[in-house]
*Asks:* 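First the structure, then my questions, so here it is.
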Amino acid sequence: MKTTRNEKAKLSLVLSRVLAYGFIVFLCFLCLFCFILLVLMASKSNSQLQGAFSLRWGGNFLTNLKNAWNDASINIPRGMVNSFIVAMTSAVITTYFSALTAYGVHVYNFKGKNFVFTFIMAIMVIPSQVSAVGFIQLAYKFGLTNKLWLLIVPGIAAPVVFFYMKQYLESVLPLDMVEAARMDGSNEFRIFNEIVLPIMKPAVAVQMIFSFVSSWNNFFMPALLLTKEQYKTVPIMIAQLRSADYSKFDMGKVFMFILLAILPVMIVYMFLSRFIIKGVTSGSVKG
Amino acid sequence: MSEVTLKNVKKIYPFTEARKDQKTDAHRIAHLQITDEGVIAVQEFSLDIADKEFIVLVGPSGCGKSTTLRMIAGLEEISSGELYIDGEYMNDVAPKDRDIAMVFQSYALYPHMTVYDNMAYSLKIKRTPKKEIDRKVREAAEILDITQYLQRKPKALSGGQRQRVAIGRAIVRDPKVLLMDEPLSNLDAKLRNQMRAELIKLRKRINTTFIYVTHDQTEAMTLGDRIVVMKDGFIQQIGTPQEVYDHPSNLFVSGFIGTPQMNYFDARLEKEGGNYVVKVKDYKVVLDDEKQARLAAKGVEPCDVTLGVRPDNMVLGEGGIKGRVEVSELMGPSCHLHLDIDGKDAIAIVPTEGKAKDYTNMDVSLTFTGSVCHLFSKEDEHNLEF
Amino acid sequence: MKKAIKHRKSVSYTKWAYIFIAPFFISYTVFTLVPQFLTIYNSFFENYRNGLQQIGPNFVGLQNYVQLLTPDKTGTVDFLKYFGNAMAMWIVGAVPQFIIALLLAVLFTSARLNLKGQGIAKTIIYMPNLIMASAFSMLIFALFSNVGPINKLLVASGVIDQAFDFLSFKIPVRTIIAFMNFIMWFGNTTIVLMAGIMGIDQSLFESANMDGANAIHVFFDITLPLLMPILTYAMITSLIGGIQMFDVPQVITNGKGTPNMTSQTVIMMLNNYLSTSKNYGMAGALSVMLFIITGILSFLVFRTLSKQYKK
């Protein structure tokens with residue numbers, strides 16, 4: 001009797017495992033399919049793409065890359081540089097000031113401390129689009145369109161990043177440490193820069209990546225603010241591809257543009273995926 | 001070369017400043033005086049600390065000892081009163097300008113710096129020349145026997161080693177005053193004993209004034225030149241360990257210092273032929289000359305008292321206080337008898353003298369001499385000798 | 001021996017707290033709060049461009065709001081229609097997103113199954129979340145366009161005779177957009193929920209097992225109730241994301257909400273007001289409506305969060 005029950009249980013476990021693996025593999029395939037297709041399509045010449053569908057490697061990858069890179073109407077290298085400038089400085093500014101704000105609220109006792117924390121938590125999920133009208137109007141009024149810094153500086157106030165940093169500080173920074181640094185003779189600013197910031201390195205790194213990615217991918221605001229070709233960022237250029245008459249376009253080149261647009265983030269992700277995934281949750285909601 | 005003087009120092013935590021940190025947990029302030037201004041954590045704290053003295057502030061949690069230390073450090077504002085270091089008024093001076101160092105309970109080592117950098121940090125801030133920093137750090141490391149760990153990060157050290165680094169970080173600066181906030185409480189019992197001995201050795205090598213906070217009366221007794229016993233924000237007694245042990249100023253101090261705890265009996269103080277005697281039921285003890293003189297000088301009248309006798313002063317003998325042994329613990333050189341005396345618990349320590357004997361469930365009689373009696377007022381619990 | 005010792009007013013660091021939080025609040029005021037008030041202010045004015053002619057700004061009271069909520073000749077209120085579009089596309093994507101994420105989270109955390117290769121699986125399913133939405137949309141568009149590879153494949157395999165224009169029919173367009181949202185977000189939700197499940201005291205699961213509960217029981221009696229706060233948080237933020245839906249339909253339909261405005265969202269409407277007609281009045285009124293809706297939802301998020309936070 002005993003053996004059959006045991007075997008039954010074993011069989012059911014194996015069966016559930018097989019089902020679970022099957023399900024997971026299917027979802028992974030779903031996620032990868034489009035992007036595998038993208039790489040394949042980016043390797044084909046326009047005539048190959050006009051012809052019959054095939055999953056074979058086209059062999060025109062480098063040609064497409066060269067054509068896309070040197071395209072006259074879509075200046076993708078310029079776009080990538082612009083995007084990189086905005087994304088990188090945003091990442092630095094957002095994380096630094098969020099950490100600073102979180103530290104200010106975490107360590108000091110001051111009037112309005114609770115209000116500050118409650119306020120930031122309350123505005124955390126209000127989308128930026130709802131104040132876009134005033135923002136755009138002011139930008140036009142003061143002649144600040146086509147200024148990349150206007151996309152960067154608002155990042156000083158990033159409630160979500162603040163919240164993440166605050167939670168992180170609570171778990172890693174004992175107040176004793178701050179007081180020890182005071183006894184060591186450090187001033188408050190130096191304590192933050194030399195003691196606290198290094199301790200927060202993991203959180204800072206994670207948030208820098210997230211800020212970089214969201215800034216790199218940001219479309220709505222830049223599209224409204226950046227009208228001159230030399231200031232456009234990558235997402236605007238990609239959207240321009242769509243409004244162009246694509247039937248006349250070299251489709252191999254189009255796929256290559258798309259590939260170039262997502263490539264930097266993918267490269268970062270390939271190296272840091274585990275770290276990034278860990279960072280998705282540790283700040284948001286405690287379990 | 002530093003004297004520290006505190007004059008009538010007081011600390012009030014105002015209600016408006018809702019403090020989240022652990023220093024004033026609700027349950028810890030439960031016994032403290034609460035006024036319109038806020039919760040009083042420390043009051044009437046006056047103390048003269050001599051140069052190179054080792055002072056221990058001791059008391060149960062929430063007694064204000066850490067707050068006092070933090071006020072000396074400059075980490076807490078002094079609500080009223082005065083603080084002098086070397087005769088200089090220091091109330092509003094920033095911690096970094098007070099020339100004092102502190103060892104924190106949690107050690108508060110910077111996790112991203114090596115042991116060396118941890119110890120060098122305060123010197124670096126003062127822009128001490130690199131060579132001198134190196135010399136001082138190595139010297140301190142030598143004293144604390146942590147030279148081989150200098151390039152490690154705190155994470156890679158054991159509790160005892162971290163403790164040493166925390167002390168090392170404090171002593172590299174040659175501070176005028178070295179403050180220690182329960183530095184041994186995070187160590188296990190064995191290591192704590194070891195570190196306690198190390199601290200005594202260390203103290204001889206460093207010329208500085210020590211102010212040490214602990215809740216552990218053994219640490220207080222063994223480390224301090226003088227100890228300050230505190231409770232509910234008030235100083236209860238200041239004195240050498242021996243003084244505090246032999247002449248506790250009140251019931252609280254007598255119970256807090258000394259382990260196992262002092263035994264208490266309801267007793268009556270009377271005068272017989274010009275001499276003070278203390279009676280517990282039928283058992284009568286004539287007090288010794290010293291106590292006679294002290295009580296006479298104070299003009300104490302016969303009254304009901306609480307009599308305190310330390311367990312090691314209780315002797316098995318005829319005609320004493322009767323009790324029943326509930327548990328008999330053999331400790332080696334002595335035997336701890338847990339007694340039931342008229343429904344109250346008491347402990348007596350009796351020597352085994354080489355012959356182990358199980359006293360369990362025996363009825364015994366206990367005596368003591370007139371020199372070991374501590375008499376406390378029934379009204380305000382103060383020691384009648386004072 | 002004697003050196004100058006600085007005496008300060010007090011041993012208090014309040015000043016530093018204000019210095020440290022000041023940049024945040026200055027930036028928030030300048031770039032969000034002031035624009036927010038200006039947005040509300042705008043909503044009471046007629047202010048737009050008609051060709052080269054600038055109309056307004058003239059104070060018109062609540063007229064912009066009235067116009068926003070007045071049905072046109074065919075009896076539809078554009079704002080409500082677009083809002084409905086976004087919600088319809090959101091829900092079609094969000095239902096599988098949450099069901100699959102829950103299922104995956106349970107599978108990944110199951111001690112009994114003890115699945116291998118979780119790291120790589122999580123890496124893959126989270127990846128679409130980081131992809132530039134506009135680029136992903138352009139890719140999908142290129143793949144599904146009537147000269148694209150999907151049509152080529154379908155024609156070649158004989159499923160259809162001639163190229164099918166996916167993007168000119170309501171159901172395919174909406175399904176594609178919903179599916180993209182699903183692909184982009186289910187990995188993120190899975191990871192959030194996994195963290196939630198792992199935050200639950202493991203002994204609860206063990207004790208439930210000892211009590212004779214099977215996997216289904218454990219899920220509905222232990223996992224789901226204890227996961228509720230996080231699930232609520234994730235759902236509301238997802239809903240707010242749904243209201244904000246822009247990049248994907250904008251690029252897929254080239255900002256036109258084809259066919260027949262059935263994939264037009266409110267933010268696309270806002271974008272049109274801002275970019276082409278410069279109709280700050282209507283854009284303002286629209287923003288205020290969105291602000292109210294997201295404000296209410298934010299309050300719900302805030303409540304779940306502060307409950308979590310107090311624990």
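Labels below follow one simple rule: chain letters A, B, ... track the order of the sequence lines, proteins then strands, and each chain is numbered from 1.
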*Asks:* Does B:R138 come within less than 4.0 Å of B:E142, counting only side-chain N to carboxylate O?
*Replies:* no

*Asks:* Select all residues of residues 101-120 of chain B having any heavy atom within less than 4.5 Å of some heavy atom of chain A, and report them by number, or 'none'.
*Replies:* B:A101, B:M102, B:F104, B:Q105, B:S106, B:A108, B:L109, B:Y110, B:P111, B:H112, B:M113

*Asks:* Can the ring centres of A:Y96 and A:F192 be said to be less than 6.0 Å apart?
*Replies:* yes

*Asks:* Do B:K130 and B:D134 meet the salt-bridge criterion of a basic N to acidic O distance under 4.0 Å?
*Replies:* no

*Asks:* Is a salt bridge present between A:D184 and B:K124, judged by a nitrogen-to-oxygen distance below 4.0 Å?
*Replies:* no

*Asks:* State whether B:K65 and B:E182 are salt-bridged, where the test is any N-O pair (Lys NZ or Arg NE/NH1/NH2 against Asp/Glu carboxylate O) under 4.0 Å.
*Replies:* yes

*Asks:* Pick whichever of A:M177, A:K201, A:R190, A:R182 has the most heavy-atom pairs under 4.5 Å with chain B.
*Replies:* A:M177

*Asks:* Taking NZ, NE, NH1 and NH2 as the nitrogens, is one of them in B:D181 or B:R70 under 4.0 Å from a carboxylate oxygen of the other?
*Replies:* no

